Asker: 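My structure is below; once you've seen it, I'll send some questions.
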Amino acid sequence: MIPEFPKFKKIELSDREEVEKITSQFPPYSDFNFTSLWIWDISNDMKISQLHKNLVVVFNDYVSDRPFVSFIGKNKIPETTLELINFSEKNYQTPSLELIPEEIANILMKLGFTATPDPASHDYVYSISHLASMNTWPQNSSGKGVRRFVKNNSGYVIKQNSILDISKEEYLEMFERWTKNKNIKDCFILNEYRAFKRLFEIADSNLKVISLYIKNVLVGFTVYEILKNDYAMSHFAKGDISYNSSIYDILNWEEAKILKDQGVKYYNWEQDLGIHGLRISKLKYKPGFLLKQFTITKTSNH
């Protein structure tokens with residue numbers, strides 16, 4: 001049972017139904033996706049509460065672990081906002097709320113609050129039909145990578161499994177190979193690896209893994225979750241580009257074809273966190289639209 005504000009509790013797997021009862025009223029923002037909430041609680045200090053039947057979350061920044069306050073819901077928006085800003089200022093010396101969905105921010109702006117867009121937290125949403133046609137894209141795009149990969153690796157194998165049916169060790173080893181190509185001192189990479197290990201504690205058949213094999217070696221995988229309202233959510237995508245520079249192109253294309261066959265129309269690839277390389281890689285696949293989030297502060301009128 002999620003307690004009433006100002007009481008909080010640590011997030012548990014048993015909280016899914018209560019959380020999703022509130023978040024399902026909105027488009028699937030990745031930060032409020034229950035799986036994301038749970039796996040990214042890598043320090044076990046995320047806290048949740050209810051205020052006016054809205055979900056309140058004390059997050060920890062994905063890179064710096066800095067705590068901050070957010071909420072999602074449709075009830076008593078200005079009252080909830082003022083109470084939470086005062087709480088944040090008192091407890092975290094931050095007179096603002098972060099990761100506030102655009103639908104809520106629009107209401108607050110009309111009431112005189114300041115809403116500042118946070119591009120680093122905007123979710124990239126793609127048309128599945130667009131991604132599934134990647135093999136037809138022009139020469140100067142990922143389409144070229146897909147066509148070249150298919151031509152040079154005719155024996156590659158794609159497998160789809162539930163998270164319940166894969167070997168944890170095989171995928172952790174693949175993830176570790178990926179980290180060796182990166183700066184292991186990068187805090188985000190280290191945190192992401194810890195989040196990935198938590199994924200295996202979730203027994204949910206809606207969590208699927210797409211795996212790419214070349215000569216019986218796992219060289220890439222993606223993890224996605226089937227959601228309601230024609231959406232899927234990406235949680236992880238890792239490839240060993242030492243095998244081929246187009247690993248991600250082929251993974252994303254094959255995954256999109258599978259999702260299209262399952263009737264999915266939109267794919268949320270989460271945010272870029274302001275990381276330049278992530279932003280470039282997400283933009284090159286031409287997102288259809290963004291789910292935008294804002295930082296909210298009060299004005300002297302409040």
Side-chain angles (χ1 to χ4, degrees), residues 39 126 128-184 186 188-190 192-202 204-226 232-262 264 267 269-270 277-278 280-282 284-286:
I39 63 177
Y126 301 80
I128 286 294
S129 294
H130 173 65
L131 294 176
S133 66
M134 197 186 304
N135 60 313
T136 68
W137 291 5
Q139 284 294 327
N140 60 344
S141 69
S142 296
K144 182 178 180 180
V146 166
R147 293 188 292 273
R148 183 174 60 236
F149 185 97
V150 171
K151 180 180 179 180
N152 297 333
N153 299 275
S154 59
Y156 78 90
V157 174
I158 293 289
K159 296 181 181 180
Q160 177 181 227
N161 299 97
S162 163
I163 192 72
L164 306 174
D165 299 324
I166 64 171
S167 164
K168 175 181 177 180
E169 291 72 22
E170 182 180 21
Y171 290 80
L172 288 175
E173 189 276 331
M174 166 69 235
F175 201 116
E176 289 166 4
R177 263 189 283 146
W178 176 80
T179 64
K180 290 178 181 178
N181 296 326
K182 303 288 183 178
N183 180 4
I184 196 63
D186 187 314
F188 175 69
I189 290 175
L190 293 173
E192 189 182 20
Y193 182 65
R194 294 166 67 189
F196 182 64
K197 289 196 288 186
R198 284 177 63 86
L199 184 73
F200 290 92
E201 299 177 37
I202 302 178
D204 186 350
S205 60
N206 283 323
L207 284 170
K208 306 291 186 182
V209 182
I210 304 294
S211 309
L212 171 62
Y213 289 87
I214 298 177
K215 296 180 180 179
N216 297 318
V217 176
L218 178 67
V219 298
F221 68 85
T222 63
V223 180
Y224 71 87
E225 180 179 4
I226 296 293
M233 176 82 68
S234 173
H235 289 295
F236 296 96
K238 294 289 166 275
D240 186 346
I241 59 173
S242 67
Y243 278 87
N244 191 290
S245 61
S246 297
I247 288 285
Y248 289 106
D249 293 332
I250 200 73
L251 268 172
N252 293 330
W253 177 56
E254 291 284 2
E255 182 179 44
K257 291 192 295 177
I258 290 170
L259 290 172
K260 185 177 181 181
D261 287 344
Q262 295 174 187
V264 176
Y267 200 12
W269 276 5
E270 303 182 310
L278 271 179
I280 295 301
S281 66
K282 290 177 186 290
K284 84 168 190 173
Y285 292 105
K286 308 295 184 185

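Side-chain atoms are counted along with the backbone in the values below, which use heavy atoms only and exclude waters and symmetry mates. On a predicted model such as this, the values are computed, not experimentally measured, just so you know.
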Asker: Ignoring hydrogens, what is the shortest heavy-atom contact between Leu251 and Lys238? Give both atom names and the distance.
Answerer: CD1-O, 4.0 Å
Asker: Are Ser245 and Arg148 close enough that some pair of their side-chain heavy atoms sits under 4.5 Å apart?
Answerer: yes
Asker: Is Ile247 close to Asp240 at the side-chain level, that is, under 4.5 Å between some pair of heavy atoms?
Answerer: no
Asker: With sequence neighbours excluded, give me every salt bridge (charged side-chain N to carboxylate O under 4.0 Å, His left out) pair touching residues 156-166.
Answerer: none
Asker: Taking the side chain as every heavy atom from C-beta outward, state whether Tyr285 and His130 have any atom pair closer than 4.5 Å.
Answerer: no
Asker: Is Tyr243 close to Asn153 at the side-chain level, that is, under 4.5 Å between some pair of heavy atoms?
Answerer: no
Asker: Closest approach of His235 and Ile39, non-hydrogen atoms and distance?
Answerer: ND1-CD1, 4.4 Å
Asker: Taking the side chain as everything from C-beta on, heavy atoms only, tell me whether Ile163 gets closer than 4.5 Å to Leu199.
Answerer: yes
Asker: Please name the pair of heavy atoms, one in Ala237 and one in Tyr248, separated by the smallest distance, quoted to 0.1 Å.
Answerer: O-CE2, 3.7 Å
Asker: When you compare the side chain of Leu172 with that of Phe196, does any pair of heavy atoms fall below 4.5 Å?
Answerer: yes
Asker: Are Tyr171 and Ser211 close enough that a side-chain donor and a side-chain acceptor fall under 3.5 Å?
Answerer: yes
Asker: Under 3.5 Å, which donor-acceptor pairs link side chains of residues 253-260 to any protein atom two or more places apart or in another chain?
Answerer:
unit_1	atom_1	unit_2	atom_2	d
Trp253	NE1	Ala132	O	3.1
Trp253	NE1	Asn135	OD1	3.3
Glu254	OE1	Lys257	NZ	3.3
Glu254	OE2	Tyr156	OH	2.4
Glu255	OE1	Tyr267	OH	3.1
Glu255	OE2	Thr222	OG1	2.8
Glu255	OE2	Tyr267	OH	2.7

Asker: Check step by step if side chain to side chain contact (heavy atoms under 4.5 Å, CB included) holds for Leu218 and Leu212.
Answerer: CA-CA 6 Å; Leu218 178 67; Leu212 171 62; 5.7 Å; no
Asker: Provide the closest heavy-atom pair for Met134 versus Arg147 in the form atom of the first, atom of the second, distance.
Answerer: O-NH1, 4.5 Å
Asker: Would you say the side-chain atoms of Arg177 pair up with the backbone N or O of Val219, donor to acceptor, closer than 3.5 Å?
Answerer: no
Asker: Report the residues that fulfil salt bridge (Lys or Arg N to Asp or Glu O under 4.0 Å) with Lys284, sequence neighbours left out, ordered by chain and then residue number.
Answerer: Asp249
Asker: Any heavy-atom pair between the side chains of Asn252 and Trp269 that's under 4.5 Å?
Answerer: yes
Asker: What heavy-atom pair brings Phe236 and Ala195 nearest, and what distance separates the two atoms?
Answerer: CZ-C, 3.9 Å
Asker: Which atoms form the tightest heavy-atom contact between Ser162 and Ser205, and what is the distance?
Answerer: OG-CA, 3.8 Å
